[in-house]
Peer 1: 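Please see the structure below; I have some questions.
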Protein chains: 2
Amino acid sequence: MLDQTDRHILDELSRNSRLTMKELGEKVHLTGPAVSARVAKLEEQGVIEGYSIKVNHAKIGCLIHVFITVITQSTYHQPYLSFIKTQEQHIINHYKISGDGCYLLECTFPSNKELNDFLIALNEHANYKLSIVIDK
Amino acid sequence: MLDQTDRHILDELSRNSRLTMKELGEKVHLTGPAVSARVAKLEEQGVIEGYSIKVNHAKIGCLIHVFITVITQSTYHQPYLSFIKTQEQHIINHYKISGDGCYLLECTFPSNKELNDFLIALNEHANYKLSIVIDK
DNA sequence: CTGTTTCACTTTATTTATGAAAGGAGTTAA
DNA sequence: TTAACTCCTTTCATAAATAAAGTGAAACAG
């Protein structure tokens with residue numbers, strides 16, 4: 001399905017997705033149109049789901065980065081899920097997991113106050129374990 | 001430091017970082033060169049750390065997506081950190097955390113076999129708790 | 001009030017990249 | 001051998017990026 005060149009393309013685009021097709025072509029030893037066709041194919045196949053930027057959260061005022069393991073008390077998760085939908089400004093990722101909890105949340109907050117407010121609100125729907133990111 | 005237009009730019013580029021400067025300009029009501037200058041500034045300031053792609057790991061043969069909370073037994077973390085460096089093909093993110101463990105690993109594996117091999121090797125340096133991602 | 005500086009933006013013109021079309025090389029199968 | 005297919009390169013018209021020059025508004029000193 002994917003050959004070595006495709007993997008090389010994914011690797012290069014992961015590092016820098018704003019390369020021009022010409023530059024990308026040089027890196028993987030193809031011409032612009034050839035690499036452009038391969039990238040289009042990878043998009044169609046759903047291998048490339050999208051193009052994004054890495055934002056430094058600290059520099060936009062979100063200094064606190066945490067992972068929250070959520071353990072819902074009730075088997076009925078809907079109130080929790082509805083609550084999460086209202087908190088999109090804080091949530092980077094939300095996973096359903098099997099293991100130590102039901103969900104894993106990755107969030108950022110400008111300060112401990114917002115984190116605390118969030119945890120108080122979350123606690124109405126679920127228990128949690130908090131892990132604060134010190135370094136990446 | 002960041003005004004409303006900058007936030008709008010970050011928002012649009014998060015959705016699609018391959019927009020042309022002209023298209024991005026239209027979205028935020030600026031001309032191409034103007035928005036290009038702002039993006040360059042955001043890069044210099046370190047707000048934009050890089051441009052990347054979202055890859056569908058399942059489609060490239062990495063079907064298992066896990067989070068591993070690592071609890072090192074010894075206070076000397078170097079052997080663990082050296083081990084992690086040898087496992088880059090599996091590791092998406094690696095965080096130092098405060099809370100329920102010392103580190104949080106986000107990894108993908110083609111199958112349970114590779115995951116098991118990884119856990120056996122990891123267990124020589126640290127204890128762990130495993131959370132398997134069911135859905136995002 | 002006037003002149004100067006600064007800043008962010010627009011406009012213009014040149015360079016550069018994109019994307020469509022045509023064609024060639026290698027592979028496979030009839 | 002020939003046909004069909006895939007994947008690539010080359011070529012060229014179109015579109016975008018970028019550099020440079022110019023505009024206008026705000027801040028500020030004389």
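Quick caveat: nothing in here was measured; it's all calculated off a predicted structure. Proteins come first, then strands; the chains are lettered A, B, ... in the order of their sequence lines, and each starts at number 1.
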Peer 1: Report, one line per pair, each donor and acceptor closer than 3.5 Å where one atom sits in a side chain of residues 125-136 of chain B; sequence neighbours left out.
Peer 2:
from	atom 1	to	atom 2	distance (Å)
B:H125	ND1	B:A121	O	3.4
B:K129	NZ	B:D100	OD2	3.0
B:K136	NZ	A:N93	OD1	3.3

Peer 1: Between A:Y103 and A:Y95 (judged by ring centroids, cut-off 6.0 Å), do the two rings come close enough to count as a pair?
Peer 2: no
Peer 1: Provide, to the nearest angstrom, the distance between the CG atom belonging to B:L30 and the P atom belonging to C:dA8.
Peer 2: 12 Å
Peer 1: Mind checking whether B:F67 and B:H94 have ring centres under 6.0 Å apart?
Peer 2: no
Peer 1: What does the list of N/O pairs under 3.5 Å between the protein and nucleotides 17-21 of chain D look like, with a distance for each?
Peer 2:
from	atom 1	to	atom 2	distance (Å)
D:dA17	OP1	B:M21	N	2.7
D:dA17	OP2	B:M21	N	3.2
D:dA17	OP2	B:K22	N	3.1

Peer 1: State whether a side-chain donor-acceptor pair under 3.5 Å links B:E43 with B:Y51.
Peer 2: yes
Peer 1: Quick one: is C:dT10 close enough that its OP1 or OP2 comes under 4.0 Å of any side-chain N or O from B:T31?
Peer 2: yes
Peer 1: Within this structure, what is the CG-to-P distance between B:L24 and D:dA16, rounded to whole angstrom?
Peer 2: 13 Å
Peer 1: Taking atom P of C:dA8 as reference, at what distance in whole Å does atom CG of B:L42 sit?
Peer 2: 12 Å
Peer 1: Distance check needed: C:dC9 C1' versus B:D3 CG, whole Å only.
Peer 2: 13 Å
Peer 1: Throw together a table of side-chain donor-acceptor distances under 3.5 angstrom for residues 22-30 of chain A, partners on residues two or more places apart or in other chains.
Peer 2:
from	atom 1	to	atom 2	distance (Å)
A:E23	OE1	A:T20	N	2.9
A:E23	OE1	A:T20	OG1	3.3

Peer 1: Take B:R7 and B:D11, measure what salt bridge (Lys or Arg N to Asp or Glu O under 4.0 Å) needs, and give me the verdict at the end.
Peer 2: CA-CA 6 Å; B:R7 288 181 207 285; B:D11 188 50; over 6 Å; no
